[in-house]
*Asks:* 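Okay, here's the structure, questions in a sec.
Numbers restart at 1 for each chain; the letters A, B, ... are given by sequence-line order, proteins then strands.
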There are 2 protein chains.
Amino acid sequence: MSHTDPPPGRRRGAARPQAAGAEGGRASARSSGSVTLDDVARLAGVSPITVSRVLNRPELVTADTIEVVREAIARTGYVPNLLAGGLASRRSRLVAALVPTISHSIFAEAIEALTDRLGEAGYQVLLGLSGYPAAREDDLLAAILSRRPDGILLTGINHSPETRRRLLAAKIPVVETWDLTPTPIDLLIGFSHEKVGRAVADHLVGKGYRRFGLVGASDERALKRRKGFVAALAAHGITEVESSSVPAPGSLRQGREALARILDGGFRPDAVFCSSDAMAHGVLTEAQARGLSVPGDLAVLGFGNLDFSAHTHPALSTVGIDRQAIGRHAAEAMLARIEGETVAEPVIDVGFTLIERAST
Amino acid sequence: MSHTDPPPGRRRGAARPQAAGAEGGRASARSSGSVTLDDVARLAGVSPITVSRVLNRPELVTADTIEVVREAIARTGYVPNLLAGGLASRRSRLVAALVPTISHSIFAEAIEALTDRLGEAGYQVLLGLSGYPAAREDDLLAAILSRRPDGILLTGINHSPETRRRLLAAKIPVVETWDLTPTPIDLLIGFSHEKVGRAVADHLVGKGYRRFGLVGASDERALKRRKGFVAALAAHGITEVESSSVPAPGSLRQGREALARILDGGFRPDAVFCSSDAMAHGVLTEAQARGLSVPGDLAVLGFGNLDFSAHTHPALSTVGIDRQAIGRHAAEAMLARIEGETVAEPVIDVGFTLIERAST
DNA sequence: CGGCGTCATGATAGCGCTGTCAGCAGAAAT
DNA sequence: ATTTCTGCTGACAGCGCTATCATGACGCCG
């Protein structure tokens, strides 16, 4: 049923221009009234499947037909329905990304890179905000899997057993990001936070600093950096480390307050390592407010190399992460997996760079 | 076809526990093999539509039945398919949001508030990043409308005729945000940027400042603020305004550089109004680097009241916008419209607050 | 000139779900 | 006892698209 006329003389001649939904048609009560593939097909004088091919696999259709169909699409103002398409083809062309927050730009940029790359390939990104202790991750994941994404990106490597189970059951590519682990669910793109901590400690000790402050957010990755930092200091025989924890993700304000707490507690560090550049900026600010000179009285080192970090006064030493590379690699790996190609590098260590500026 | 056994004794007894996809079944070549509503229904001994109701309109089903069905769902690990559901019900439970960027937290927070509120109502947010001169808005919109969102949020009020046409044709609620206009497409939630500019000018003039610098990003809303600012200054008889434009969105770095340009150009303002707090922070930083005292030598005023603004040194005077209110109101208005309720206030002016801190 | 492969297009049959209306208890009304 | 109503459940028929296989036209070969 539904399309009544068998294409007569072959295209062009068959096309009786007609407004969509005009005709003697009985628009079934449930129909949305909007233009469908069938409407376009009828106007173009071809079968619906041909219209579908023009849109999705034009290499299978002759140039003439493509032109006729394109014109019919333009005339009707047809907008494909990806819900229907996805249902039929079992490819939603949707990729989900779960991040704790986008308000702090460390994740935002990776997401933007991911979105850009996937957009080029015709995919869209469905964003899930899990909040900081990833409390909602489970429910969120359930909601997201209902959309049948073709792939999913997660932040971090610690997921509840329930989450792992669901991901495995979904049988789609999974990319974990921002950390490394010997037991990834599937794909993995990150770097070693513990090594970051060690590298920072070695650097600071090498420059002669001996009394350390640590200003860290309480998220799992910051804790790993701390662990590496403390371990490396211990290896240098240094145990004098005063630390102050704040709730993730950590802001300039919290950096200021943390330094104030450390100083007011009587400890007088000569260097402070912060778990984010925003907090380091706060430490810088508090130091300045107290008339301490940086790095003379106090060295400060951050994490993230955000866009402002090179331009604070003094410029902030920090650890640079190629955030866009994380997003880009995630997109590439996911696309490859979706297309059924074998992924050359299922685990990518994007590394980090210790960036020495004026604050140390 | 498809479900073979008519529910015999009435529930419970009928449930023959069976792994999903076991049975003598001929899984049609196209089936995904994953658990469907029918599988759950068979296990629970009810019809598929009843399972659907348990999930979507449980108030229509008795407690007993709900329990049996819930158990079957748990046992099978059923994950609903919203592509199919959306196609059948013509409600995707998806809301699209188009913003220039999420890397700068001014939009990110509004999006988070939107996402939270909509999430409670069972909707998810599909994010579209249009980039700064909203170059991609048209294509992006086309891609997004293919998903049949139930509503859409736009940033700003200037859209191409093509965009307007498409939005109107989609027949879904549209919320424009971050600005006001007498001719909204549908719903509108924002505030007057020109009034912001005027209020800032009045404030600064009132405090005795007379020579003004203006550091502005070149996006349309920042230009409106500038216009209001300049107009109000003119009303006070002040025409000595030196301005410096930077590409949107504007960063700390650009703030520093802009102040440097103004100062090196020989103009010596006693107050600078910046189009974002990030840039104002940069101006603050450059002033400090040059040994200028703020506000003694130079007053600085930003825009946005971001989380760091109260904690810079000196604390930054700025214009506060209730960003979460924008997201929340947008969500509420959209939900009301989707549910078919009449929207009490289709246009909401969330206003702004001039926040006076130490930098002026 | 018949056989066969290739290419463009079409017919059919779903993908997994929900709108709609019908049916059938049991309770309430007469 | 009969009627009417209410509340719960089910059968059916799609939603708009695409996977799959079939078909017909054409060119090429021996």
*Asks:* Quick check on D:dC15: is either OP1 or OP2 less than 4.0 Å from any side-chain nitrogen or oxygen of A:Asn81?
*Replies:*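 It does not, given that no N or O in the side chain of A:Asn81 lies less than 4.0 Å from OP1 or OP2 of D:dC15.
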
*Asks:* Assign each of B:Ser89 and A:Ser89 to its nearest nucleotide of DNA chain D by heavy atoms, then name whichever residue's nucleotide is nearer the 5' end.
*Replies:*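 Going by which nucleotide is closer to the 5' end, it is B:Ser89.
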
*Asks:* Do the charged groups of A:Glu341 and A:Arg337 touch, with an N to O distance under 4.0 Å?
*Replies:* no

*Asks:* Among the candidates C:dG16, D:dT9, D:dC17, find the nucleotide nearest to the side-chain atoms of B:Val61.
*Replies:* D:dT9

*Asks:* Rounded to whole angstroms, how far apart are CG on B:Leu87 and P on C:dG14?
*Replies:* 17 Å

*Asks:* Whole Å only: how far is the CG atom of B:Asp64 from the C1' atom of D:dC8?
*Replies:* 12 Å

*Asks:* Of the candidate nucleotides D:dT18, C:dT20, D:dC17, which contains the atom at the shortest distance from the side chain of B:Arg53?
*Replies:* C:dT20

*Asks:* Ignoring backbone atoms, test whether A:Arg90 places a side-chain nitrogen or oxygen under 4.0 Å from the OP1 or OP2 oxygen of D:dA19.
*Replies:* no

*Asks:* Could you work out which one of C:dG10, D:dC17, D:dT18 sits closest to the side chain of A:Tyr78?
*Replies:*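 Looking only at heavy atoms from C-beta outward on A:Tyr78, the closest nucleotide is D:dC17.
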
*Asks:* Measure from CZ on B:Arg91 to C1' on C:dC17 and round the result to the nearest Å.
*Replies:* 15 Å

*Asks:* Among the nucleotides C:dG10, D:dT9, D:dG10, which one has an atom lying closest to any side-chain atom of A:Ile49?
*Replies:* C:dG10

*Asks:* From the list D:dT18, C:dC17, D:dT9, which nucleotide is the closest neighbour of the side chain of A:Ser52?
*Replies:*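 It is D:dT18.
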
*Asks:* Whole-Å distance between C:dG16 P and B:Leu55 CG?
*Replies:* 16 Å

*Asks:* Please name the pair of heavy atoms, one in B:Gln124 and one in A:Ile144, separated by the smallest distance, quoted to 0.1 Å.
*Replies:*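 So the two residues come closest at NE2-CG1, 3.0 Å.
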
*Asks:* From the set C:dG16, D:dA19, C:dT9, return the single nucleotide nearest to any side-chain atom of A:Thr62.
*Replies:*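 Of C:dG16, D:dA19, C:dT9, C:dT9 is nearest to the side chain of A:Thr62.
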
*Asks:* Any side-chain N or O of A:Thr36 less than 4.0 Å from the OP1 or OP2 oxygen of D:dC15?
*Replies:*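 Indeed not, no polar side-chain atom of A:Thr36 lies that close.
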
*Asks:* Report the distance from atom CZ of A:Arg57 to atom P of D:dT20, rounded to the nearest whole Å.
*Replies:*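 Roughly 11 Å, once rounded to whole Å.
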
*Asks:* Between B:Ile172 and B:Asp186, what is the shortest heavy-atom contact and its length?
*Replies:*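 Minimum heavy-atom contact is O-OD2, 4.2 Å.
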
*Asks:* How long is the line joining CG of B:Asp39 and P of C:dC15, in whole Å?
*Replies:* 11 Å

*Asks:* What's the CG-P distance between B:Asn56 and C:dC17, to the nearest Å?
*Replies:*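 Between P of C:dC17 and CG of B:Asn56: 10 Å.
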
*Asks:* Could you give the CG-to-P distance, from A:Leu60 to D:dT20, as a whole number of Å?
*Replies:*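 In whole Å, D:dT20 P lies 14 Å from A:Leu60 CG.
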
*Asks:* Want to settle it: does A:Val79 or B:Thr50 sit nearer the 5' end of DNA chain D, counting the closest nucleotide to each?
*Replies:*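 Its nearest nucleotide being more 5', the pick is B:Thr50.
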
*Asks:* Would you call B:Arg117-B:Glu120 a salt bridge at under 4.0 Å N-O?
*Replies:*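 Yes, this pair counts.
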
*Asks:* Taking atom types as modelled, is there a side-chain donor on A:Asp39 or A:Thr76 under 3.5 Å from an acceptor on the other?
*Replies:* no

